[in-house]
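Below, read A as the first sequence line, B as the second, and so on, with proteins coming before strands; counting in each chain starts at 1.
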Amino acid sequence: MSETKNSAPSRPLARTPRGFIDRRADALMAERSVVEKVLRVYESWGYERLETPSFEYADALGKFLPDQDRPNEGVFALEDDDGQWMSLRYDLTAPLARFVAQNWDGLPKPFRRCAAGPVWRNEKPGPGRFREFWQCDADCVGSARPEADAEAIAMGADAVEAAGVPRGLYVVNVSNRKLLDGLLAKIGIDAGDVRTRLGVLRAVDKLDRLGAQGVELLLGAGRKDESGDFTKGAGLNPAAISQVMAFTATRKATRKETLAALAEVVGDTELGGEGVAELAAIDATLAALGLGEDRAFFDPAIVRGLEYYTGPVFEVELLAETVDDKGQKVRFGSIGSGGRYDDLVMRFRGERAPATGFSLGVSRLVAALSAAGHAPQARSGPVVILALDADAMAGYMQMAGQLRGAGIAAEVYLGQSGMKAQMKYADRRNAPIVVIEGSTEREAGNVTLKDLNLGAELAQSIDSNEAWRKERPAQILVPRAGLVAAVQDMLKR
RNA sequence: GCCGUGGUAGCUCAGUUGGUUAGAGCGCCAGAUUGUGGCUCUGGAGGUCAGUGGUUCAAUUCCACUUCACGGUACCA
């Protein structure tokens with residue numbers, strides 16, 4: 001029997017599932033270091049770390065219950081052998097609500113908790129948008145004070161800076177869900193008219209992308225996009241539309257001015273008045289914490305998640321210009337967001353537990369940072385010890401052991417190739433140094449060290465290959481006994 | 001989900017008005033250089049031309065469907 005190409009299709013294709021990615025050392029280190037820095041910031045604000053499982057029972061996650069009709073809408077879910085549905089968590093907040101409800105009596109309240117980990121969403125992936133990604137959250141459960149919201153905003157700004165975004169390259173845009181609710185009441189939309197309410201919220205949310213004109217269309221009859229697809233509008237009358245548009249125009253140059261403008265547009269409604277008062281308290285706290293307009297801004301058009309937030313909402317916008325590897329401008333969504341959600345724990349306990357928090361999208365932040373040219377530097381690889389003589393392997397392994405003993409990452413080349421290939425290998429590993437011990441060195445009790453970075457620099461001024469090979473730039477001969485000290489010395493350069 | 005555009009080597013892309021053996025650059029492997037990563041030169045490997053079906057003497061090329069990718073839009077706890 002001959003093995004032909006016809007048998008190939010039976011082999012599995014080596015590939016990652018759609019919307020999932022492999023991450024190599026560089027990306028991994030960047031992400032993990034961001035996570036650790038951000039968690040430290042959270043801890044410094046008094047938030048304790050908590051880790052909950054990847055899976056939760058579907059009913060505990062709420063909203064999207066897997067059922068006959070739509071078993072996988074939005075979440076990855078599976079049925080356990082006892083017939084119960086479990087879902088991979090889609091954020092860190094729902095598991096927190098479950099944890100708090102479950103441990104209510106044993107927790108100090110208000111309870112501050114921070115957490116980091118992967119979350120999963122079963123939806124259409126896009127550039128910079130995956131079906132598995134990391135979040136880094138801090139939430140405070142049990143305080144209805146606006147100071148708790150202000151704290152979340154200020155801490156979010158701190159966290160973003162700790163993650164490597166320079167001040168001035170981001171801004172936290174803050175609004176309050178109550179403002180829009182007050183406005184809706186004012187233009188005569190019934191609180192029970194969910195359809196119209198959501199239509200208005202969605203329309204306002206698109207202000208930054210579609211502009212005032214697009215929003216106006218969406219508030220009215222509807223809008224046709226570039227691809228010819230038609231989006232049905234909220235169906236408001238012209239008078240109501242102009243009131244909503246007036247609301248979206250209340251973003252002013254300072255928080256105080258925005259507050260004044262908001263008071264005028266929605267301050268005369270019950271909810272609107274509450275919203276303005278909360279924002280005023282937040283403004284005062286932010287000022288006390290030293291957050292000026294350059295870091296936290298009031299933007300009434302911020303909407304965020306639809307059925308979830310009940311009061312103040314905010315999102316971190318990246319101001320840096322970002323380009324992809326083709327040099328084209330890329331639009332990153334918000335890199336972090338948060339707000340007040342007073343009803344989440346209620347699902348479990350039947351009583352309101354006021355809560356507010358902040359969530360940082362780690363993967364997206366790291367992607368945005370590198371697109372903005374702020375990628376962390378690539379790390380140096382291990383010292384590579386060339387394997388030139390089969391009989392000398394034990395000695396090579398010993399050298400690597402000694403270097404590791406001194407805290408230096410080191411490895412012996414374990415392939416079968418010749419010296420040239422081994423040098424290329426070391427180059428590709430981003431090794432700072434190679435250790436060369438052939439028979440010449442060994443007989444004299446020496447080893448040769450080569451500084452690869454220095455060698456690459458020197459190579460630029462050598463154009464004949466003969467000279468390049470003869471000169472052996474950036475190499476030194478040292479006694480075998482002095483290997484570790486010499487390597488340490490060379491690393492210091 | 002809906003609308004649109006696309007899928008040719010590991011990557012970026014030519015090309016085939018339907019016709020022997022489908023190309024380039026970069027990358028990879030090797031040699032020039034018996035022990036030196038860069039540069040230069042030479043050679044090599046690597047493709048079911050996304051998949052399935054149809055039209056045809058003949059399909060990578062035309063048609064249909066599927067799938068995946070990209071863009072827009074909707075949804076996004």
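- A sub-4.0 Å separation between OP1 or OP2 of B:C76 and a side-chain N or O of A:Arg202 is present.
- Residues passing the ring-ring contact (aromatic ring centres under 6.0 Å, His included) test with A:Tyr425 are A:Tyr413, sequence neighbours excluded.
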What string of B, S and - do you get for nucleotides 30-39 of chain B, 5' to 3', when a contact is any protein heavy atom under 4.0 Å? ---B-BBBBB

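- Between A:Arg480 and A:Glu441, no side-chain nitrogen of the basic residue sits less than 4.0 Å from a carboxylate oxygen of the acidic one, so the salt-bridge criterion is not met.
- At distances below 3.5 Å, at least one donor-acceptor pair connects side-chain atoms of A:Arg364 with backbone N or O atoms of A:Ser334.
- Note on residues 456-493 of chain A: no pairs pass ring-ring contact (aromatic ring centres under 6.0 Å, His included), not counting sequence neighbours.
- A:Arg347 contributes a side-chain N or O that, together with a main-chain N or O of A:Asp59, makes up a donor-acceptor pair within less than 3.5 Å.
- At B:A77, none of the side-chain N or O atoms of A:Arg347 fall inside 4.0 Å of OP1 or OP2 (strictly under the cut-off).
- Stem analysis of RNA chain B (Watson-Crick or G-U pairs, both distances under 3.5 Å, runs of at least three) returns B:1-7 with B:67-73, B:10-13 with B:23-26, B:28-32 with B:40-44, B:50-54 with B:62-66.
- Counting only residues at least two apart or on different chains, the side-chain hydrogen bond (donor to acceptor under 3.5 Å, both in side chains) pairs with a member in residues 389-399 of chain A are A:Asp389-A:Arg442.
- Side chain to side chain, A:Glu317 and A:Asn173 meet the donor-acceptor criterion of an N or O pair below 3.5 Å.
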Give every donor-acceptor pair under 3.5 Å between a side-chain atom in residues 93-100 of chain A and any protein atom, sequence neighbours left out.
{"unit_1": "A:Thr93", "atom_1": "OG1", "unit_2": "A:Tyr308", "atom_2": "OH", "d": "3.4"}
{"unit_1": "A:Arg98", "atom_1": "NE", "unit_2": "A:Gln102", "atom_2": "OE1", "d": "3.0"}
{"unit_1": "A:Arg98", "atom_1": "NH1", "unit_2": "A:Glu56", "atom_2": "OE1", "d": "3.1"}
{"unit_1": "A:Arg98", "atom_1": "NH1", "unit_2": "A:Glu56", "atom_2": "OE2", "d": "2.6"}
{"unit_1": "A:Arg98", "atom_1": "NH2", "unit_2": "A:Gln102", "atom_2": "OE1", "d": "3.3"}

